[in-house]
Every structure is written in structure tokens, then in C-alpha cells.
Amino acid sequence: MSRKTDPEDTGESVPESRDNYLKRRRFLAATGAVAGTGVLAGCLNDEEPVDDDPDDDDDDPDVEPDTVEPRFEIPYMVEADGTPVYDGSIDFHSYTSVKHGLYMSGALARGSEFGHENYNPELTGDYMRERGETWNDMIEDILDTFWEDGEIATELEETEDGWVRSDEVSLADYMHGVYAYQTHHRGGRWEGEGHQEVADGITFGSGHYISRYGEYLFDEHYSDGRFYHDTDHEEFDTESMAYGLSGTPGLAYAWTRWSSPAGEGDMANVDEGVMEAFLGYTPEELVEIYRDVGQELEEAWDDEVGAYDFGDGTEYAINTLGPLLHGNKAAYETLAIFGEDEDTELAESLAENTATMLEPIVTGDVAEPWGLPTHVEYTEDGVEAAADEVDIGLHWVFIKHITGGWSLTRESEDENSPQFLTENEPELMEALNEFKDEQILGALDHHLDDEGIAVTAVDYETGDITDDSYTADALGMFLTGIGSIYRSHEAVARARDWDEIEDEELLEQSEEFHDIYVENSEFLMDNFVVQA
């Protein structure tokens, strides 16, 4: 995007569309973002002037790429003694897994949960604040390093001169990174415990970061109902469709919240024109897109096996299945909330497809107490395991997709949500609750080593540990996934309810869970958050 200088300004470069620029700035004022204004303004103003020099040497192989200076050097793994392991790079997925784990453990430290006087009220202090502060710092760090106007490098590569952005882009990073919108929506938890500066950063400093995910994907990787791996729109398969679609809920949820009774105290305070400028897409435009996506999904539906087939079969990595189901949710709720009558019919069909794909995963023979295999295959005879290992990080990513944030289980009348699963699939919803409990208890029994720290993999057949290493993905997503479901059914009770519990086994189980969770969060903070 070209840039120009505002003649009424002091020389500061602004985006070419001054109206959009000012609307985005007004977004901050409308939401009271005093502390976050500078952060977001900087994010919106981080492009360099376009260089039209025909002798531009950016593509010259002899020119060394610019180095970046990350403030955190997040390792993908640490040794048993805490020594970080990099293999010459810092990868975005590991970086983001750590960020998610810090958010969730910080958010749960509020006084009504882990910080309740029945467990440890001190957690609402430095423990909670430091996790929120680090999350904010990591957002800024990503914008300064991995990020280039919405395009995310898969890794930072170590060279003799320092760290440089890689040229590779993976759609898998988008569906993983956009989950930051869940943190953004929970900034008030820090405010409620007196951490106002942290809350401002979470709520307002991350706005551009979150909205740009979907905007970039729609602008660069989407065409006619499909998401493509490449910007030339040639490489299409199950992964590109799943990852691309699951990278867009930040926009869909922002409009849903804005239009709902639940948003009257926050998002609804923002002028519609400001929302449009800030998010880049209107609800009407999203409906048009999701309508085409929905038709593409319907055409790919294989009724014989009960799954989508985009031309590359019906064996799914769970790291693809979860995002696809999550993306379906964004599509069908947007169509139902903002679309016409015929859009609601399409939405109901997509919700039915989603339930059909999910039901055998959580109610059949696929899910063991210690998790899901890395791959499953949909066949005419049902769904079968297609791998012999449970990758703990990927397992909890799947659970995060179907149960965390604006997920399949989030159907709220206060947010105008159509009650497709609640009303049409009550048995599935109950099965999901039982699945959550089973996975919590299975994790306590199988996902931890003798030190009580989450490991990387277990055997699918036996639940025995097969990889006892400590990785960012496994530990970060263990904290994120199990943190998102621990209070949703009966396996664990919140600390605030302990005085009323007569079941000694449940009380002991709940206390053990709290201890393990905090220990894993402290291990993550102490060993993976490496200051550069």
C-alpha cells in the first residue's frame, strides 16, 4: 500500500486512505484505549514507503536480508535441565504455543478461579500480571519480527549476523495465531484484578494483529469459495481449506460480538464505520464469502463416509480436522446471524455436517482416555485410527479448536448464536462434556512425567509415554486446551466451590489438578520464555 504525508500533520506517514486511518484511530478512542493507542497506532503505521526504484535490489541474491532483533528467543524444546534447544531457528508455531499457554494460565489466575482464597489468592498478583505482560510483549515482538503486514514467516533463522525472517509462509500458522482473539476478549480479567495497564495492552494493543489475520487471508489466499496455500491460487487441498477457513474467525466473531446484546458494554460502543475500516470487511461481505465457502463445502461433502473430500481423500490429521470444524462454525454462524433465509438453510446444513464429522470422534472407538491419534480416516464403515501415536500438543490443539474460544460448544443466546448443536444435537453436546472429563483425567494419568510436567507423545494403544521431551507445543497447548475445558463439566471443581463439595475424591482430584496446572505454567514461564 502506497503512503503519503498528511499536509496537516508534522510529516508522519499515514496510509493512503486517510479516512480509514482516522477511523481506525477513532476505534481506539471509542473503546477507551488510552494506554493502547500508541501500540496500535504503531502497528497500523509500520509499513515502509514504497520504493519505485527500477534498480531495486531486494531480489538480488547477493544482498543480505535484514536482521531482526527478537526480545524473546523461544526454543522449540528444552532439555531436562532447562537448556533451550533451537536447531538454528525460532519457529512461529512454538512461539505462539508458549504465548497461548501464558494467556490461559494468566486468565485462570483471577480471584474466582485459581486465585480464589480456597486455593491461592497470591496468584492474582505477580503471577497473573507477569503472564499478561509477557503476552503483550510477545505480540509486539511478533509484529517486529515474524510479521510483515499480515504475512507471517514460519520461522526466524539464525545467521552469522543475527536472526532473519524466513521466506516461507504456512497457512497452519494463521489458524494457530489468530486464537489471540480469545485473549483479546478476556482482557477484562486482568482489569478486574487491578492490572489495568496489562488489560489495556491485551484489549487494544492486539487489535490490528488479530483483525489482520482474516483480512490478509481473504485478500491473498482466498478465491471463489476456496483457500489456497499460495497467493497465485493454484495449490488447494484439505489443509489449505481447513487452515485458511480457521484463520478467519477473528473477523467473524468481532462482528458477532458487535451486533449482540452481550457486546453492548464493549464492541457495540464502536461506530459501524469505524468497525468496517478497522476490520477491512463488512458483515455483508463476510456473508458473501462464507456463502461461497459454504457451497464449496457442500460440493465436497461425501455422504457415504460422512466427511468432506476436497480431492485428496478422507484421511485427516487431527491438526487439520480441528481447524476445519472450527472454520465451519465461523461460516455457519455468520450466515445465520447476518444472512438471508436461504443462508440460514445453508448454515444449518453446514452445522449438521460438522456434527456428523465430530460425533464419531468423541463418541466412538477413536478417542482413548489418553487422547486421539495424530490421524483418523473416515470410511463407509465409520472412523478409524490411522496412526499409532498421540501427539500431546496436536491433541490439545484439536480440543482447543472444538471447545475453546468461539468454538463449537460456544452457542450463546446473548450473542445471537443460532442454537444448531444445542437444539439439534443434544446427545452430541452431552457426549462432548463426557469427552472433556475423560481427557482431563486421562491427561493427569498419562500426559505427565514423574516430575508432573507434560511430555510430548504417548502410545495410542497403551497410553505409555513414547517421547518424554519437553516441547513448546506440547506444554503450551496442554495449558491452553486443558485450561479451556477444566470447569465445563464434572471432573474438576472450581476453587470457589470447594467449601460446598462433599465428595472427597472430587475435592482431592480438583486440588491435584490445580497444583499440576500451576506447576506446568511455572515450568513454561521459567524455561521457555528466554529473554534475548
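- If you check the side chains of His447 and Trp396, you find a donor sitting under 3.5 Å from an acceptor.
- Of the possible polar contacts, none joining the Ser246 side chain to the His326 backbone as a donor-acceptor pair under 3.5 Å is found.
- With 3.5 Å as the limit, one finds no donor-acceptor pair spanning the side chains of Thr466 and Asp459.
- Using a 4.5 Å cut-off on side-chain heavy atoms (C-beta onward), Phe523 and Tyr470 make contact.
- Checked by atom type and distance alone, the side chain of His395 never pairs as donor or acceptor with a backbone atom of Val390 at under 3.5 Å.
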Derivation and outcome, side chain to side chain contact (heavy atoms under 4.5 Å, CB included), residues Asp237 and His229: CA-CA 8 Å; Asp237 58 16; His229 287 290; 2.8 Å; yes

Test salt bridge (Lys or Arg N to Asp or Glu O under 4.0 Å) applied to Arg291 and Glu340, step by step: CA-CA 10 Å; Arg291 185 182 295 144; Glu340 307 296 334; 5.9 Å; no

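- Side-chain polar atoms of Ser89 and Asp91 form no donor-acceptor pair below 3.5 angstrom.
- Not less than 6.0 angstrom separates the ring centroid of Tyr76 from the ring centroid of Tyr86.
- Comment: Arg71 engages Glu140 in a salt bridge, judged by a side-chain N to carboxylate O separation of less than 4.0 angstrom.
- Ring centroid separation for the pair Trp147 and Tyr209 comes in under the 6.0 Å cut-off.
- Other residues, nucleotides and ligands contribute more than 12 heavy atoms inside 6.0 Å of the CD atom of Gln295.
- Judged purely by atom type and a 3.5 angstrom limit, Asp437 uses its side chain to pair as donor or acceptor with the backbone of Ala491.
- Closest approach of Leu335 to Val287, counting heavy atoms only: CD2-O, 3.7 Å.
- Between His100 and Tyr179, the distance from one ring center to the other falls under 6.0 angstrom.
- Distance check, rounded to the nearest 0.5 Å: OG of Ser484 to CG of Leu108 gives 9.0 Å.
- Glu113 has a carboxylate O that lies under 4.0 Å from a charged side-chain N of Arg189, or vice versa, which qualifies the two as a salt bridge.
- For the residue pair Glu315 and Ala386, the shortest heavy atom distance occurs at CD-CB, 4.0 Å.
- In this structure, Ile440 and Ile482 have side chains that are in contact, with non-hydrogen atoms separated by less than 4.5 Å.
- Defined by atom type and a distance below 3.5 Å, a donor-acceptor pair is missing between the side-chain atoms of His446 and Glu368.
- Between the side chains of Thr471 and Asp473, no donor N or O sits under 3.5 Å from an acceptor N or O.
- Annotation: side chain of Leu251 is in contact with side chain of Phe218 (closest heavy-atom distance under 4.5 Å).
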Intermediate values then yes/no, side chain to side chain contact (heavy atoms under 4.5 Å, CB included), Val492 and Tyr517: CA-CA 12 Å; Val492 176; Tyr517 193 88; over 6 Å; no

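- A donor-acceptor contact closer than 3.5 angstrom is absent between the side chains of Asp224 and His233.
- With contacts defined as side-chain heavy-atom distances shorter than 4.5 Å, the pair Ile74/Val530 does not qualify.
- A donor-acceptor pair under 3.5 Å is absent between the side-chain atoms of Asp141 and the main chain of Asp137, judged by distance alone.
- Partners of Asn353 under the side chain to side chain donor-acceptor pair (under 3.5 Å) rule, at least two apart in sequence or in another chain, are Glu298, Tyr308.
- Scanning all heavy atoms of the two residues, the minimum distance from Tyr332 to Ala347 falls at O-CB, 3.2 Å.
- Annotation: side chain of Lys99 is in contact with side chain of Ile142 (closest heavy-atom distance under 4.5 Å).
- With hydrogens and angles ignored, the 3.5 Å screen pairs a side-chain donor or acceptor of Thr379 with a backbone N or O of Asp381.
- The aromatic ring centres of Tyr174 and Tyr216 sit less than 6.0 Å apart.
- By the 4.5 Å heavy-atom criterion applied to side chains, Ile202 and Arg186 are not counted as neighbours.
- Heavy atoms of other residues, nucleotides or ligands lying less than 6.0 angstrom from CG of Asn424 number more than 12.
- Atom CG of Asp312 has more than 12 neighbouring heavy atoms from other residues, nucleotides or ligands inside a 6.0 Å radius.
- Residues Ser521 and Arg131 bring a donor and an acceptor atom of their side chains to less than 3.5 Å of each other.
- When atom types are taken as modelled, the side chain of Asp232 and the backbone of Glu234 share no donor-acceptor pair closer than 3.5 angstrom.
- For Glu411, the CD atom counts as densely surrounded, since its 6.0 Å shell holds more than 12 non-hydrogen atoms of other residues, nucleotides or ligands.
- For the atom pair Asn328 CG and Glu352 CD, the distance stands at 12.0 Å (nearest 0.5 Å).
- For the pair Val178 and Ile210, the tightest heavy-atom approach, listed with the atom from each and the gap, is CG2-O, 4.2 Å.
- In this structure, CD in Glu155 is found 10.5 Å from CG in Asp167, a value given to the nearest 0.5 Å.
- At distances below 3.5 Å, not a single donor-acceptor pair connects side-chain atoms of Thr356 with backbone N or O atoms of Gly306.
- Closest non-hydrogen pair, Ile337 versus Pro418, comes out as CG1-CD, 4.1 Å.
- For the pair Tyr243/Leu217, no side-chain contact is recorded, criterion being any heavy-atom separation below 4.5 Å from C-beta on.
- Taking every heavy atom of both residues into account, Ala330 and Pro249 meet most closely at CB-CG, 4.0 Å.
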Side chain to side chain contact (heavy atoms under 4.5 Å, CB included) between Leu475 and Asn520, worked out: CA-CA 7 Å; Leu475 192 57; Asn520 275 268; 3.1 Å; yes

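- Side-chain polar atoms of Ser97 and His176 form a donor-acceptor pair below 3.5 angstrom.
- In this structure, CD on Glu430 lies 12.5 Å from OG1 on Thr363, to the nearest 0.5 angstrom.
- Checked by atom type and distance alone, the side chain of Arg212 pairs as donor or acceptor with a backbone atom of Asp149 at under 3.5 Å.
- No donor-acceptor pair under 3.5 Å is formed between the side chain of Trp370 and the backbone N or O of Ala443.
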Step-by-step side chain to side chain contact (heavy atoms under 4.5 Å, CB included) determination, Tyr181 to Ser206: CA-CA 8 Å; Tyr181 78 86; Ser206 61; over 6 Å; no

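- Within 6.0 Å of atom CD in Glu342, more than 12 heavy atoms from other residues, nucleotides or ligands are found, so the atom counts as buried in its surroundings.
- At least one donor-acceptor pair under 3.5 Å links the side chain of Ser407 to the backbone N or O of Thr403.
- Side-chain contact of Ser469 with Thr456: a donor-acceptor pair under 3.5 Å is present, judged by distance alone.
- Checking Tyr253, Phe227, Tyr222, Tyr281 one by one against Thr248, the side-chain contact (heavy atoms from CB on, under 4.5 Å) holds for a single residue, Phe227.
- With rounding to the nearest 0.5 angstrom, the OG1 atom of Thr334 is 9.5 Å from the NZ atom of Lys329.
- One distance of note links CZ of Arg226 with CD of Glu235; it measures 13.0 Å at 0.5 Å rounding.
- Residues Met357 and Leu321 are in side-chain contact: their nearest non-hydrogen atoms beyond the backbone lie under 4.5 Å apart.
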